[in-house]
Number of protein chains: 2
Amino acid sequence: MADVKEVNRLDRKEITMNKLKGLGQTIIDDVNQSKIPSLKIPSRGTSNIVYDEDKRYYILGERAGKRSLGNVKQIKKLGQMIFVSNFCKDLVQREKTATLREMYYVSEGWGLGFDNQQESNIVGEDIEVTLGTSREDLGLMPEEDGASVYGDIVFQEGDVEINALKSGKSGYTISPTIDEVDFLDHNVERVIAVETMGMFHRMVQENAYKKFNTLIVGLKGQAARATRRFLKRVNQELNLPVYICNDGDPWGFHIAMVIISGSAKLAHVNHDLATPDAKFLGVSATDIVNYDLPTDPLKDIDVLRLKELSKDPRYRDEHWQNEIKKMLKIGRKAEQQSFSKYGLEYVVDTYFPEKLDAME
Amino acid sequence: MADVKEVNRLDRKEITMNKLKGLGQTIIDDVNQSKIPSLKIPSRGTSNIVYDEDKRYYILGERAGKRSLGNVKQIKKLGQMIFVSNFCKDLVQREKTATLREMYYVSEGWGLGFDNQQESNIVGEDIEVTLGTSREDLGLMPEEDGASVYGDIVFQEGDVEINALKSGKSGYTISPTIDEVDFLDHNVERVIAVETMGMFHRMVQENAYKKFNTLIVGLKGQAARATRRFLKRVNQELNLPVYICNDGDPWGFHIAMVIISGSAKLAHVNHDLATPDAKFLGVSATDIVNYDLPTDPLKDIDVLRLKELSKDPRYRDEHWQNEIKKMLKIGRKAEQQSFSKYGLEYVVDTYFPEKLDAME
């Protein structure tokens, strides 16, 4: 298995290099043919973000704009794209990475300076979308690390083997370079991702990884890109079902949904990030009622958000529609840690087994 | 070495159990002697928080209040303290932990309910300060994990050995239960803690851990309690010098200072958390000038904060006073990643060696 993965990894690097070279070649070809150099850049506008019913996640539509050296307003932007692409080519070649922040500072030496980091981030996204490759493949990393993983799986990073049962109680941290990690071996049947590290530690402490033969993933709120990539990979490459357990409120719902169906903003990389077969385990509005959980009243902003979600194409199936309606009706929300009303062990001894039984 | 540490760890548990039992005994003794039960609780008010010049961190003074069953207003609070203490005794006995959030929900069953989590957190602190023990020793954990550690050190957690060079590129995560971790073996000469994970990954990538024979600690902003405890332990138990490199602004200064001299709010546990011998490596105002770093102008709130720091007893030494004055004078601040103006490698190839040379 490791050999196949190694090839995949080299493939990713080679594909990225070819795409970057291709971008440069487009400019060179234009110059050689005495044409005014220009690049076609897929539009990221709302109207070009489409929910794909077959793929079950957001993708980019066909619309694209042209950025040309023939347009005075576009010269600087196009120049910046070339410089950033060249910087990325250098990173990929040298097997290095840089944070977006570092890239911004490096650009100080280019004489084509960005006014602020938002500007350089956007050029990074322009390249991402133009090449149809993720910025991580380009060597550009976010600041933040991904989720924590605990359970019986062995990773290979370079020449180091890492057992996620033996990385400490806080588990193995998914790094932004997760695509350079190979899955060597595992002995689990599923993955359960939870929103908070509080719940993660509870599950480790109550031996949930043994009990359910599962990987435990501590999302730390909204899942980082690296986390989403990891969940997609374990789902696809290892055929493991993925369950997500979050707080029972619209924000918890949506943390799960972004893992499942991707975000609109990242429509151009959802093919690498979305896991349409991942399932929301709870806390649902039905759970709140059935388990008589301690709750808080919905705030105005919760109600507003639930109404937004009910119109979102990702929530159009009947189950979600019912859950949203039910939560609006009871007017209450509950945190995943609220199961401790029945004792610290209850969530692992009772809730998870009952829910997994019902879903599998 | 492991044996000694194991004993220390058991000691901590035994000491905590004895303190908890002692608290209960005080109440029982009062009852047996037909006295109205009461507890003496050290005051955490500002006037009772004292900067100790010898210890070089904040401690609590001698003032204490009494909480008595004879005072109608105090009955509920005292009852809650007893229930929480009992809950903690149960945790320590069973070698479990709970988050403060879980404890809040568990309390739903006590019939002495808290109105909100802030109330239960404060009772947790009351017990912490009354017993002079940290809440982690009581089994009460914060939600968040601590810093990431990379480098040549081997930890023992239970029967698992963890090598922080072989835990993946994001390193070993310091868990809230860091006092249950033993230091088995190491081969480093120092510890360098950096504010951002961006800088952490830069140092891992540029082999800073080899180059400086150092542990790299990624603080992720303000250091969690577990991180401060870890830094104190490596400094004390392994005699390793600790250097801190943060953004060059008042917030970066203070992240370092809280590691060095503790916070006022945690005066009652600073003896476990403060590392007075840890040193601020940079980014200083002098660095900003000497290295001609890309900067941003100080905002009003930065200026205000710098003026506050200049009056803080923790900053009274000449070096800090000069740095604060200089930053106010140049009116600029700089991030630690701004060194990438000179290339990604510069910070590891040039800045750190020069600064370490000057300091050691």
Side-chain angles (χ1 to χ4, degrees), chain A residues 91 95-109 141-146 148 155 157-158 160-177 180-181 196-202 205-206 218 220 226 293-294 335 337-345, chain B residues 91 95-109 141-146 148 155 157-158 160-177 180-181 196-202 204-206 218 220 293-294 335 337-345:
Chain A
L91 287 177
E95 302 201 342
K96 288 215 174 189
T97 64
T99 62
L100 293 167
R101 194 86 191 133
E102 284 176 318
M103 199 253 289
Y104 168 64
Y105 282 118
V106 167
S107 75
E108 289 243 334
M141 298 292 149
E143 276 283 330
E144 87 276 18
D145 277 334
S148 299
F155 304 111
E157 277 195 31
V160 176
E161 284 186 21
I162 304 147
N163 185 329
L165 263 187
K166 297 181 179 171
S167 300
K169 285 198 178 148
S170 293
Y172 165 82
T173 303
I174 299 170
S175 90
T177 50
E180 291 173 12
V181 174
T196 64
M197 285 307 284
M199 184 57 80
F200 174 93
H201 286 298
R202 173 61 44 222
Q205 215 167 100
E206 307 304 335
K220 308 171 193 175
L293 293 178
E335 293 180 341
Q337 293 193 59
S338 64
F339 288 100
S340 16
K341 170 190 172 185
Y342 302 111
L344 298 175
E345 297 82 2
Chain B
L91 287 177
E95 301 200 343
K96 288 214 173 191
T97 63
T99 62
L100 294 167
R101 193 86 191 131
E102 285 176 318
M103 198 253 291
Y104 168 65
Y105 283 119
V106 167
S107 74
E108 290 243 332
M141 298 291 148
E143 276 284 329
E144 88 275 16
D145 277 333
S148 299
F155 303 111
E157 277 196 32
V160 176
E161 284 186 19
I162 305 147
N163 184 329
L165 264 187
K166 296 182 179 171
S167 301
K169 284 198 180 150
S170 293
Y172 165 82
T173 302
I174 299 170
S175 90
T177 51
E180 292 174 11
V181 174
T196 66
M197 285 307 284
M199 183 57 79
F200 175 92
H201 286 298
R202 172 63 42 223
V204 171
Q205 217 168 100
E206 308 303 335
K220 309 170 193 175
L293 294 178
E335 293 180 340
Q337 293 193 61
S338 64
F339 288 101
S340 15
K341 170 189 173 187
Y342 303 110
L344 298 174
E345 298 82 1

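Note on naming: letters A, B, ... go to the chains in the order of the sequence lines (proteins, then strands), and numbering restarts at 1 for each one.
Looking only at side-chain heavy atoms (C-beta outward), B/E102 and A/H201 stay at 4.5 Å or farther from each other. Considering only heavy atoms from C-beta on, B/M197 stays 4.5 Å or farther from A/P176 through its side chain.
By number of non-hydrogen pairs under 4.5 angstrom with chain B, the leading residue of A/S338, A/G109, A/G198, A/G168 is A/S338. Contact count versus chain B (heavy atoms, under 4.5 Å) is highest, among A/K169, A/E161, A/E206, for A/K169. Highest contact tally toward chain A, considering only B/K220, B/E143, B/K341, is held by B/E143 [criterion: heavy-atom pairs under 4.5 Å]. Residue with the most contacts toward chain A among B/L344, B/V160, B/T177: B/L344 (heavy-atom pairs, distance under 4.5 Å). Chain B forms more heavy-atom pairs under 4.5 Å with one residue of A/R202, A/M141, A/M199 than with any other, namely A/R202. Of the listed residues (A/S107, A/P294, A/G146), the greatest number of heavy-atom pairs within a distance under 4.5 Å of chain B belongs to A/P294.
Closest approach of A/Q337 to B/Y105, counting heavy atoms only: O-CD1, 3.4 Å.
At a 4.5 Å heavy-atom cutoff, the contact between A/E108 and chain B is made by side-chain atoms alone. The part of A/S167 that comes within reach of chain B is its backbone (N, CA, C, O), which places non-hydrogen atoms under 4.5 angstrom from that chain. Only the side chain of A/E157 comes within contact range of chain B, judged by heavy atoms closer than 4.5 Å. If you measure heavy-atom distances from A/T97 to chain B, the contacts under 4.5 Å come from both the backbone and the side chain.
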Q | Stepwise side-chain contact (heavy atoms from CB on, under 4.5 Å) check, B/T196 with A/T99 | A | CA-CA 11 Å; B/T196 66; A/T99 62; over 6 Å; no

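For A/K166, the salt bridge (Lys or Arg N to Asp or Glu O under 4.0 Å) test picks out no residue, with sequence neighbours left out. By the salt bridge (Lys or Arg N to Asp or Glu O under 4.0 Å) test, A/E144 pairs with no residue at all, sequence neighbours left out.
With values rounded to the nearest 0.5 angstrom, A/N163 atom CG is found 10.5 Å from B/I162 atom CD1. For the atom pair A/T173 OG1 and B/D145 CG, the distance stands at 8.0 Å (nearest 0.5 Å).
In this structure, the side chain of A/Q205 does not engage the main chain of B/K96 through any donor-acceptor pair within 3.5 Å.
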